[in-house]
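Small disclaimer: the values here were computed from a predicted structure and weren't measured.
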Amino acid sequence: MPERTLASELKASVGRRVRLQGWLHNLRKQGKVNFLILRDRTGFVQAVASPGEIEILQGLQMETVLEIEGTVVEAAPAPGGFELQNIVLKIINPVTDVAPFSFHQKEFNASLPYFLDHAAVGQRFPRQRAILKLAASAVEGFRKTLRSLGFTEIFTPKIVGSATESGANVFQIDYFGQPAYLAQSPQFYKQIMVGVFERVFEVAPVFRAEKFDTARHVNEYLSLDAEMGFIENHFSVMDAVSTVIRGMLQCIRENISDEDRQLLELEFPAIPDSIPWIYYPEAQEMIFKRYGIDARGEPDLAPEHEKAIGRWAKEEHGSDFVFVPGYPMVKRPFYTHPSSEDPRFSNSFDLLFRGMELVTGGQRLHRYDDYVAALERAHYPVESFKEYLECFRFGMPPHGGFAIGLERFVAQLCRLDNVKWVTLFPRDINRLRP
RNA sequence: GGGGGCGUGGUGUAGCUGGUUAACACGCGGCCCUGUCAAGGCCGAGACCGCGGGUUCGAACCCCGUCGCUCCCGCCA
């Protein structure tokens with residue numbers, strides 16, 4: 001009995017008797033000649049069968065797990081040019097119920113809520129597999145690029161004793177009788193680790209107890225975090241972000257198959273050698289003058305403003321990405337480093353991707369006294385940040401970092417209308433399962 | 001915390017200026033077909049139109065309530 005052959009290896013096995021295993025993806029019965037499509041992790045294989053050869057499938061449904069033994073034949077009319085003939089089928093695990101989806105349909109005709117209810121099966125859709133594979137490549141690119149820049153990967157706790165930023169928006173849990181929280185961000189830990197490795201990154205979920213129900217929020221998402229020491233200012237961090245984004249796109253480009261690329265109708269984004277940037281107040285002036293949207297003086301950008309800035313970047317600079325540095329301090333967390341020119345504004349930035357906020361980053365405070373002052377200004381008790389602040393008493397270099405929302409990156413890249421298509425089993429305001 | 005939209009066979013939708021056999025596509029079952037590839041053709045099963053109440057001679061279609069889903073704003077990745 002030959003070893004298992006994969007769909008992708010068919011070409012190399014012409015003329016040989018092979019054995020494939022996978023799922024019954026489709027069965028086109030047409031009398032004397034029938035076509036059976038088997039799906040495995042590498043793709044699809046067509047097998048030609050006589051009525052007698054598929055008799056065993058009587059009463060069975062799609063997604064039945066099968067073994068097909070057959071002879072590989074080069075056949076011009078077969079998809080891909082190769083197919084199996086003279087087959088012998090063996091049922092590995094029969095399916096008798098009708099699946100909630102028909103995966104072989106060209107059109108993806110499932111609504112998001114129905115899809116999510118049946119995501120345990122729905123993720124088998126070729127389109128979903130393509131999305132998830134792309135997400136994996138994005139993360140691989142993130143890791144690869146940062147490692148090449150001298151960053152060390154770290155793993156920080158997700159159960160924490162105090163809230164990172166405001167105290168609101170955290171999930172509280174019962175930790176052996178005392179209150180604990182799910183980490184909203186690895187912020188403190190990655191800063192601490194700058195004192196150890198200078199440059200660190202982490203790929204991990206973060207938890208946000210925000211009661212939002214929008215196409216771009218989920219309550220648990222994958223945050224691609226990085227933090228680096230010995231920087232000049234936030235522009236040093238922006239340079240790193242540019243390199244990382246480019247590395248992620250490059251890795252996706254290298255790994256994606258032509259089939260997946262077509263399936264997703266993937267359009268690689270326009271990313272010039274230097275990603276354009278526009279200062280926060282200038283961005284507000286610009287969208288007022290250019291698009292008549294008045295957000296001047298407002299401390300934050302609304303989605304509408306981000307879309308306008310994204311449009312401007314595309315029209316003026318041919319870029320799907322645009323940095324907006326210089327957000328007002330009032331809207332940024334206490335550890336944010338103020339601008340040396342105007343302390344009302346910060347050395348922090350957002351990166352917009354096709355008009356959506358994708359990355360937030362910036363320079364952090366690095367002197368102990370500055371932290372104490374910042375915490376007092378924000379009316380936070382210094383005491384509860386004591387352990388976090390300890391590292392700043394023993395020498396921290398000027399540093400900064402950023403966080404990329406993976407789901408948003410992939411959703412924007414694939415032009416999906418909701419990040420939940422990208423999130424394997426999304427946790428949202430009213431969905432805790434599957 | 002505010003605001004909008006939707007809720008029709010298993011799925012995705014049409015019907016919604018009220019009129020009584022609720023339509024289409026996919027899926028499902030049967031039959032036909034020796035080259036399909038979103039196979040095709042014919043036949044068939046399957047929804048009393050989220051739920052409750054109201055208006056009316058008559059409601060999937062109008063009104064009220066309720067539940068569910070979804071999206072937007074606040075926030076943010």
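- With no hydrogens or angles considered, no side-chain donor-acceptor pair links A:R332 and A:S346 at under 3.5 Å.
- Straight-line distance between the P atoms of B:rA25 and B:rG40: roughly 12 Å, to the nearest whole Å.
- Whole-Å rounding puts the A:L406 CG to B:rA77 P distance at 15 Å.
- Considering A:R433, A:K211, A:K420, A:R216 in turn, A:K420 is the only one that fulfils the salt bridge (charged side-chain N to carboxylate O under 4.0 Å, His left out) rule with A:D428.
- A:F35 has its CZ atom 14 Å from the P atom of B:rG40, to the nearest Å.
- Contact check, A:S223 against B:rA77: no side-chain N or O comes under 4.0 Å of OP1 or OP2.
- Put simply, the side chain of A:V244 reaches to within 4.5 Å of the side chain of A:F142, judged on heavy atoms.
- Every residue two or more places apart in sequence or in another chain that forms a side chain to side chain contact (heavy atoms under 4.5 Å, CB included) with A:E140 is listed here: A:K144, A:C251, A:N255.
- B:rC48 and B:rC76 have their P atoms separated by 47 Å, with the value rounded to a whole Å.
- Residue contacts for A:P77: at a heavy-atom cut-off of 4.0 Å it reaches a base atom on one of the strands shown.
- Between A:T360 and B:rA77 there is a side-chain polar atom (N or O) within less than 4.0 angstrom of OP1 or OP2.
- Here A:Q46 lies in heavy-atom contact (under 4.0 Å) with a base.
- Listed pair A:Q105 / B:rG27 meets the phosphate criterion, a side-chain N or O lying under 4.0 Å from OP1 or OP2.
- Within the 4.0 angstrom heavy-atom criterion, no nucleotide atom of any strand lies near A:E220.
- B:rC42: Watson-Crick or G-U partner is B:rG30, with both key distances under 3.5 Å.
- The base-pairing partner of B:rG7, taking Watson-Crick or G-U wobble contacts with both distances under 3.5 Å, is B:rC67.
- For residues 420-434 of chain A, proximity to RNA chain B is found at A:K420, A:N430, A:R431, defined as any non-hydrogen atom under 4.0 angstrom from a strand atom.
- Between A:M329 and A:T336 there is a side-chain heavy-atom pair separated by less than 4.5 Å.
- If you check every strand for non-hydrogen atoms under 4.0 Å, A:F212 touches a base.
- In this structure, a donor-acceptor pair under 3.5 Å is present between the side chains of A:Q191 and A:H399.
- With no hydrogens or angles considered, no side-chain donor-acceptor pair links A:T64 and A:Q61 at under 3.5 Å.
- In this view, A:R39 and A:H25, A:E63 satisfy the side chain to side chain donor-acceptor pair (under 3.5 Å) rule, not counting sequence neighbours.
- B:rC6 and B:rG27 have their C1' atoms separated by 24 Å, with the value rounded to a whole Å.
- We find that NE2 of A:H305 is positioned 15 Å from P of B:rC76, with the value rounded to whole Å.
- Going from the C1' atom of B:rG68 to that of B:rA14 covers 22 Å, rounded to whole Å.
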Please assess A:V48 against A:N34 for the test side chain to side chain contact (heavy atoms under 4.5 Å, CB included), listing each intermediate value before the final yes or no. CA-CA 6 Å; A:V48 195; A:N34 305 286; over 6 Å; no

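- As rounded to whole Å, 10 Å separates atom P of B:rC73 from atom CE of A:M356.
- A heavy-atom distance below 4.0 Å to RNA chain B is reached by none of the residues of residues 343-355 of chain A.
- Between A:F349 and A:F402, the ring centre distance reaches or exceeds 6.0 Å.
- The side chain to side chain donor-acceptor pair (under 3.5 Å) check on A:S13 picks up nothing, with sequence neighbours excluded.
- Out of B:rC73, B:rG12, B:rA38, the shortest distance to the side chain of A:Y114 is found at B:rG12.
- What separates OH of A:Y327 from C1' of B:rC75 is a distance of 13 Å, to the nearest Å.
- The listed nucleotides are B:rU36, B:rC72, B:rA77; the one nearest the side chain of A:T214 is B:rC72.
- When the nearest nucleotides of RNA chain B are assigned to A:F115 and A:V359 by heavy-atom distance, the more 5′-ward of the two goes with A:F115.
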Which parts of nucleotides 29-34 of chain B does protein reach within less than 4.0 Å, heavy atoms only, written one letter per nucleotide 5' to 3' as B for base, S for sugar-phosphate only and - for none? SS--BB

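- Taking atom C1' in both B:rC75 and B:rU17, one finds a spacing of 43 Å when rounded to whole Å.
- Distance from the side chain of A:V48 is smallest for B:rG35 among the nucleotides B:rU11, B:rA77, B:rG35.
- Between A:F353 and A:D320, the closest side-chain pair of non-hydrogen atoms falls below 4.5 Å.
- Rounded to whole Å, the P atom of B:rG74 lies 29 Å from the corresponding atom of B:rC64.
- Rounded to the nearest Å, the gap between the C1' atom of B:rG50 and that of B:rU70 is 15 Å.
- Taking a cutoff of 4.0 Å between a charged side-chain nitrogen and a carboxylate oxygen, A:R427 and A:E210 do not qualify as a salt bridge.
- When distances are taken from the side chain of A:Y221 to each of B:rG35, B:rA77, B:rC71, the shortest belongs to B:rA77.
- Among the heavy atoms of the strands lying under 4.0 Å from A:A302 are primed sugar atoms or P, OP1, OP2 only; no base atom is included.
- Residue contacts for A:I404: at a heavy-atom cut-off of 4.0 Å it reaches no nucleic acid atom on any strand shown.
- Residue A:D213 contributes atom CG, which lies 15 Å from atom P of B:rG3 at whole-angstrom precision.
- Under the 3.5 Å distance criterion, with hydrogens and angles disregarded, a donor-acceptor pair is assigned to the side chains of A:E67 and A:Q21.
- B:rU13 and B:rG4 have their P atoms separated by 23 Å, given to the nearest Å.
- In this structure, CD of A:E304 is placed 14 Å from P of B:rC75, rounded to the nearest angstrom.
- Base pairing annotation: B:rA23 forms a Watson-Crick or G-U wobble pair with B:rU13, both donor-acceptor distances under 3.5 Å.
- Of the listed nucleotides (B:rG35, B:rC73, B:rA77), B:rG35 has the atom at the smallest distance from the side chain of A:E83.
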Take A:F334 and A:Y380 through the test ring pair (Phe, Tyr, Trp, His ring centres under 6.0 Å) and record every step on the way to the result. CA-CA 9 Å; A:F334 70 87; A:Y380 290 149; 5.7 Å; yes

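- Remark: P of B:rA38 and CD of A:E259 are 14 Å apart, rounded to the nearest angstrom.
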